[in-house]
Amino acid sequence: MKYISLPDNAERRLSFYLAMEEYVARHLDEDDCFFMWQVQPSVIFGRHQVVANEVNFEYCKQHGIQVYRRKSGGGCVYADKDNVMMSYVTKEENVGLTFNRFINMILLVLRKLGIEATGTTHNDVMIGDRKVSGTAFYHLPGHSIVHATMLYDTNMDHMLNAITPGPEKLEAKGIKSVRQRITLLKDYIPLTLEEFKTFVRATLCKGERVLTAEEMAGIEQLEQTYLKEDFVKLLNH
């Protein structure tokens, strides 16, 4: 599996990486591709979700949290520099096989680190009874794309508030419930986040494909479709 690298270390918005997945699927002739990315505090919600029901816009505005829609299904997710996002692009078109392959990749990494992680029927990755990674999928002609969050660490206050539509859901019981459902990878391994990313890449990938200036321009052009208001549907903001 090839690791897809950027030609520079510039900081980019979450929308860029969504466009990068799609561009890789549409234009790169590789059987299996993988890359990881991190973003400033952002909320990303699923293709079929009604944004007003998922995102606490007032909280996001107050705390400088950006909001984006992705083309895959699934629920609303908070991401920041303390966790890592993983993208897998494959020519395999069977949904079940694609999910299974990707989840097994993550499980392989964690088990090599001595963590007895397991997968669920909802394609989450669990450590014990707590979630450490969630996934989402979408299909393009000839390709499948799976992306995942990996909760190495996170700003828990942002996670709890940014994706909650109202304060009525933030009672102590609700916060305690969320904290009990998720776990942080940093509590199980001695690696820093950068060391973990290096370990993931070394475990899963052979070879590298660095994107060209022309390909970067193509991704940036495609990114604009993710920023259009009629796609994000922030009109009820």
Side-chain angles (χ1 to χ4, degrees), residues 1-40 42 44-47 66 68-74 77 79 81 83-109 123 125 133-150 193-194 196-228 231-232:
M1 181 164 67
K2 285 282 182 68
Y3 192 87
I4 309 300
S5 295
L6 300 177
D8 59 56
N9 293 318
E11 188 166 281
R12 293 176 169 85
R13 294 174 293 190
L14 190 149
S15 51
F16 173 88
Y17 298 103
L18 297 178
M20 181 174 165
E21 294 175 333
E22 183 175 345
Y23 187 92
V24 166
R26 293 188 184 280
H27 299 286
L28 268 61
D29 187 22
E30 300 285 351
D31 289 339
D32 291 290
C33 300
F34 179 81
F35 61 94
M36 291 175 284
W37 41 285
Q38 291 162 275
V39 291
Q40 292 294 336
S42 303
I44 176 174
F45 58 99
R47 180 175 195 126
Q66 299 299 306
Y68 303 92
R69 183 187 293 275
R70 62 181 188 267
K71 293 185 178 179
S72 59
V77 176
K81 286 285 191 179
N83 59 29
V84 63
M85 313 294 278
M86 301 178 178
S87 296
Y88 173 54
V89 181
T90 177
K91 288 184 177 178
E92 173 60 62
E93 295 196 68
N94 182 287
V95 179
L97 286 176
T98 301
F99 262 131
N100 190 55
R101 184 184 297 172
F102 184 68
I103 294 294
N104 282 332
M105 289 179 194
I106 297 178
L107 294 178
L108 171 66
V109 169
N123 300 302
V125 175
S133 177
T135 59
F137 169 98
Y138 77 102
H139 179 263
L140 289 172
H143 283 83
S144 297
I145 296 172
V146 184
H147 33 219
T149 57
M150 177 58 72
L193 180 50
E194 287 304 313
F196 172 71
K197 288 164 60 182
T198 299
F199 184 83
V200 172
R201 179 171 172 176
T203 301
L204 299 182
C205 298
K206 290 183 180 179
E208 179 183 38
R209 171 71 155 78
V210 181
L211 294 171
T212 66
E214 182 181 355
E215 289 165 341
M216 292 292 290
I219 293 170
E220 289 165 357
Q221 183 177 1
L222 183 59
E223 179 187 9
Q224 297 307 308
T225 65
Y226 286 86
L227 297 172
K228 288 182 178 177
F231 177 71
V232 183

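By the 4.5 Å heavy-atom criterion applied to side chains, Gln38 and Asn83 are not counted as neighbours. Here the side chains of Val95 and Ser144 are not in contact, with every heavy-atom distance at 4.5 Å or above. Looking at Lys91 and Asp29, their side chains come closer than 4.5 Å, going by heavy atoms from C-beta outward. In this structure the side chain of Ile44 never reaches within 4.5 angstrom of the side chain of Arg69, judged on heavy atoms. Residues Trp37 and Leu6 form no side-chain contact, since every pair of their non-hydrogen atoms from C-beta on lies 4.5 Å or further apart.
Using a 4.0 Å cut-off between charged nitrogen and carboxylate oxygen, Arg101 and Asp32 count as a salt-bridge pair.
Under the 3.5 Å distance criterion, the side-chain polar atoms of Tyr3 are matched with a main-chain donor or acceptor of Met36. No donor-acceptor distance shorter than 3.5 angstrom exists from the side chain of Arg201 to the backbone of Leu204, with no hydrogens or angles considered. A distance-only check finds a donor-acceptor pair linking the side chain of Ser133 to the backbone of Thr149 [under 3.5 Å].
A donor and an acceptor atom, one from each side chain of Ser87 and Glu21, are located under 3.5 Å apart. A donor-acceptor contact closer than 3.5 angstrom is absent between the side chains of Gln40 and Gln66. In the model, Ser5 has a side-chain atom that pairs as donor or acceptor with a side-chain atom of Glu208 under 3.5 Å. If you check the side chains of His147 and Thr135, you find no donor sitting under 3.5 Å from an acceptor. For the residue pair Glu223 and Ser15, a side-chain donor N or O sits within less than 3.5 Å of a side-chain acceptor on the partner.
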**Q.** salt bridge (Lys or Arg N to Asp or Glu O under 4.0 Å) evaluation trace for Glu215 with Arg209
**A.** CA-CA 11 Å; Glu215 289 165 341; Arg209 171 71 155 78; 2.6 Å; yes
Q: Could you check Lys2 against Asp31 for salt bridge (Lys or Arg N to Asp or Glu O under 4.0 Å), going step by step and ending with a plain yes or no?
A: CA-CA 9 Å; Lys2 285 282 182 68; Asp31 289 339; over 6 Å; no
Q. So Ile4 and Met20, side chain to side chain contact (heavy atoms under 4.5 Å, CB included) or not? Walk me through it.
A. CA-CA 10 Å; Ile4 309 300; Met20 181 174 165; 3.7 Å; yes
Q: Verify side chain to side chain contact (heavy atoms under 4.5 Å, CB included) between Phe16 and Glu11, making sure each step is shown before the conclusion.
A: CA-CA 10 Å; Phe16 173 88; Glu11 188 166 281; over 6 Å; no
Q. Do Leu18 and Lys71 pass the side chain to side chain contact (heavy atoms under 4.5 Å, CB included) test, and can you show the C-alpha distance, the side-chain angles, and the key distance before you say yes or no?
A. CA-CA 8 Å; Leu18 297 178; Lys71 293 185 178 179; over 6 Å; no
Q) When you look at Val39 and Arg13, which way does the side chain to side chain contact (heavy atoms under 4.5 Å, CB included) test go after all the steps? A) CA-CA 6 Å; Val39 291; Arg13 294 174 293 190; over 6 Å; no
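Interatomic distance, CZ of Arg26 versus CD1 of Ile219, reported as 13.0 Å (0.5 Å rounding). The CD1 atom of Ile145 sits 8.5 Å away from the NE2 atom of His143 when rounded to the nearest 0.5 Å. The distance from the CE atom of Met105 to the CE atom of Met1 is 4.0 Å, given to the nearest 0.5 Å. Annotation: the span from Asn100 atom CG to Asn94 atom CG amounts to 9.5 Å, rounded to 0.5 Å. Atom CG of Asn104 is separated from atom CD1 of Ile106 by 9.5 Å, given to the nearest 0.5 angstrom. Atoms CE and CG, from Met85 and Leu14 in turn, are 6.0 Å apart once rounded to the nearest 0.5 Å.
Contact between Phe196 and Met150 at its shortest, heavy atoms only, is CE2-CG, 3.9 Å.
Tyr68 has its ring centre no less than 6.0 Å from the ring centre of Tyr226.
Ring pair Phe34/Phe102 is tilted by interplanar angle, where 30° to 60° counts as tilted. Below 30°, between 30° and 60°, or above 60°: for Phe137 and His139 the angle between ring planes is below 30°, a parallel geometry.
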